[in-house]
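Worksheet: the structure to be examined is printed underneath.
Computed from a predicted structure; not experimentally measured.
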Amino acid sequence: MTKTTTPVTADGPVNNGPWPYAAGYDNCPEVLDPISLSVKGTIPPWLEGALYRSGPGAYDLKTESGKDVHIQHWFDGLAQVHRYEIQKGGQVSYRSRNTSNDLRAEYIKEEKVTGVTFCQRDPCKTIFNKFFTTFKTATLGGHVMGGTNTNVAVIPTPNFPGLMDKKDGTKKGTNPGGLRNLIMTTDGNALQELDPVTLEPKGLFSYGAIDDSLLASNLAPAHPCVDPETGEYFTVLLTFGPTAVYKVVRIRESVKGPAREPDLDVLAEIQSPRPTYMHSFCLTKRYVVVTHWQCDFAAWGISVLWTGNAWESFKKHDPNVKAQFYVVDRQHGRHVATFECDPYYAFHSLNAFDEGDDVVLDLASYKDHTVIGDYYIANLRNETSGIPPQQAVLRRYRLRDISKHASLSNLNRKNPPVPAPAEIDFQLDESINFELPTINPSRYLHPYRYAFGVNRSGLNKTLIYDRIIKVDLEKVKQGDQKGSATFWMEDQCTPSEPVFVPTPNSTTEDDGVLLSIVLDGRRRTGFMLILDAKTLTEIARADMPEGKVAPHNFHGMFISNLSN
């Protein structure tokens, strides 16, 4: 069902005029003290808690001498975290905070973007001043220097195992909903702890601070995987070199008690000739699956030292290089199987689960990694003639007969498992493109039916997403692709990643609400949208003050005030 005030086709509203969205790529001033938002509609009384959103908040700086410093790519924008608190009685408040102010000050002092970045181009840099940067500490390995000199802006994650109060050595607590701590992650070996209420940065650390063997690791996916039943935290650390090494890591509360440093186990070390940028990976109840798609660094990874950014150090897409899935047994800590398929690229996995002796995993897949280059700010701000970014499609892979492959690999542990072919169960049509996915969190690591995300309709003059999408995967499996998709769209409004919040004690998978921060291009402001997840009809919205724009950010999470 589609909400709109413009003409409607079977796919949604059509607006032949402008679709103003570029204001979401402007600088967004922080709001340190909470402000009240104007609520329209009725917020369900059980919906009480905090929605956190993270991503870039600034791209354009002015130095003391009056020089302009421009950050060129969406992924390099300076970090800003947002907190929308839904209070008892249906009131909503908002606050935000910049969380990389030391890095901002460095850019202003040096009158340029310093260090090695994700996509910033600077032909004047030399190899030497590139090397001694925060990228060296957070991405090329070593201790994070501290303060707020590292851009950690991608994923808010609750309850990192074993974070201690530095004053008394006890576990942090007292926050609603059992929220003990809040960390931010990025694609480097760096994490940042924030105060869950004020969003004030409390410290930077690396995985090497937990285990010295990870000090030299260079990259980690911004998306960790957390088993909600066990609390185990998983990630994959990449170390550059002539042979790339992927360390599959599990972090959990210490068996000696919650007041001790967390236990960290390296479940497997996987060697490959391809050091690859991986933004996410997959987890099931039995396995960790390293999704080794194609986005490979040149020259063993050290090419970033002379290009100055990750984007220009990637190799060109090679249709002859297969993608791999490395399957690691969670219980026994061993690389038990490898599967391969035609090359692809992805930012995000939707879900993965065990089905009999198979592993099923769903990804928002692209034909190649050139999509990263589509997100330069100059292109995204060009509402009239910018190039639309490549779109992802939802694709389901199946890795068959894991136990059989595990038995074969067990006979010859000196050599890696022999690759077997991965199968594709289905793929959505490109017209049902799909990104920034979410599901009911109770279905994570389990079979599920409904997936939610954002979609670019192609009907309106916008380069980015203009619809929220719901996909019924049962209908997809039955061959009814067109009937599988439901949309929400509103004229000249640009939604962000939806976050699913289930109705308490619900027994139906799509019984809940979706929360999305929407840019209203007509009024040049934003609002928090609350949709019925069953029908994608609007329940309520909380309007930002006039002129207050919600920036286009990356990801979010909701922490309920309920104890569960």
Quick one, V249 with Y207, criterion side-chain contact (heavy atoms from CB on, under 4.5 Å). Give me CA distance, side-chain angles, the key distance, then yes/no. CA-CA 10 Å; V249 170; Y207 293 105; 5.7 Å; no

Presence of salt bridge, [Y] and [X], under 4.0 angstrom:
X    : Y    : result
R395 : D362 : no
D265 : R252 : yes
E435 : R456 : no

To the nearest 0.5 Å, what is the distance between [atom1] on [X] and [atom2] on [Y]?
X    : Y    : atom1 : atom2 : value
L264 : I210 : CG    : CD1   : 6.0 Å
Q481 : I432 : CD    : CD1   : 5.0 Å
I439 : Y450 : CD1   : OH    : 13.5 Å
D368 : Q294 : CG    : CD    : 8.5 Å
D374 : L463 : CG    : CG    : 9.5 Å

Using salt bridge (charged side-chain N to carboxylate O under 4.0 Å, His left out) as the criterion, list what pairs up with E269, not counting sequence neighbours. none

Looking only at side-chain N and O atoms, does [Y] offer a donor or acceptor that is under 3.5 Å from a partner on [X]?
X    : Y    : answer
T284 : D354 : yes
H335 : Y326 : no
Q324 : T338 : no
H446 : Y448 : no
T239 : N218 : no
N460 : T462 : no

Take C295 and I372 through the test side-chain contact (heavy atoms from CB on, under 4.5 Å) and record every step on the way to the result. CA-CA 10 Å; C295 185; I372 297 171; 4.1 Å; yes

By the ring-ring contact (aromatic ring centres under 6.0 Å, His included) test, which pairs, at least two apart or in different chains, include something from residues 403-438? F339-H405

Residue set satisfying ring-ring contact (aromatic ring centres under 6.0 Å, His included) with H552, at least two apart, ordered chain then number -> Y25

Between [X] and [Y], which heavy-atom pair has the shortest distance, and what is it?
X    : Y    : answer
V454 : S496 : CG1-O, 3.5 Å
P56  : P551 : O-CB, 4.0 Å
V518 : P495 : CG2-CA, 4.1 Å
S100 : A79  : OG-N, 3.3 Å
L237 : A220 : CD1-CB, 3.9 Å
I71  : G77  : CG2-N, 3.9 Å

Count the heavy atoms belonging to other residues, nucleotides or ligands that lie under 6.0 Å from [atom1] of [X], then report whether that count exceeds 12.
X    : atom1 : value
E430 : CD    : no
I387 : CD1   : no
K109 : NZ    : no

Is the positively charged end of R443 above the ring of F500, judged by distance under 6.0 angstrom from the centroid and angle within 45° of the axis? no

Side-chain heavy atoms of [X] within contact of [Y], under 4.5 Å:
X    : Y    : answer
I468 : F487 : no
N151 : D76  : no
F297 : L219 : yes
F353 : L445 : no
Y397 : T291 : no
R274 : V321 : yes
K322 : D342 : yes
T114 : Y107 : yes

Taking [Y]'s backbone N and O only, do any of them form a donor-acceptor pair with [X]'s side chain (distance below 3.5 Å, no angle check)?
X    : Y    : result
R250 : R330 : yes
D329 : R334 : no
N27  : Y59  : yes
D425 : R396 : no
N455 : N433 : yes
Q80  : A58  : no
S54  : V154 : yes
Y465 : E497 : no

Is the ring pair [X]/[Y] parallel, tilted or perpendicular, if the boundaries are 30 and 60 degrees?
X    : Y    : value
F75  : H73  : perpendicular
F314 : Y277 : parallel
F160 : Y233 : perpendicular

Please say which of F347, Y375, W74 ends up in a ring pair (Phe, Tyr, Trp, His ring centres under 6.0 Å) with F554. W74

Could you walk me through whether D358 and R398 pass the salt bridge (Lys or Arg N to Asp or Glu O under 4.0 Å) test, one step at a time? CA-CA 7 Å; D358 300 347; R398 181 176 294 273; 3.1 Å; yes

Could you check L191 against V152 for side-chain contact (heavy atoms from CB on, under 4.5 Å), going step by step and ending with a plain yes or no? CA-CA 7 Å; L191 306 94; V152 186; 5.7 Å; no

What do the steps show when you test V69 against E110 for side-chain contact (heavy atoms from CB on, under 4.5 Å), and what is the final call? CA-CA 10 Å; V69 176; E110 300 296 329; over 6 Å; no

Run the side-chain hydrogen bond (donor to acceptor under 3.5 Å, both in side chains) check on N189 and S217 step by step: do they pass? CA-CA 7 Å; N189 186 3; S217 295; 5.0 Å; no

Would you sort out whether N382 and T384 count as a side-chain hydrogen bond (donor to acceptor under 3.5 Å, both in side chains), showing the intermediate values? CA-CA 6 Å; N382 189 345; T384 58; 3.2 Å; yes

Taking the six-membered ring for Trp and the single ring otherwise, decide whether the centroids of Y287 and F325 are under 6.0 Å apart. no

N101 and T148: side-chain hydrogen bond (donor to acceptor under 3.5 Å, both in side chains), yes or no, with the steps? CA-CA 6 Å; N101 284 336; T148 56; 5.6 Å; no

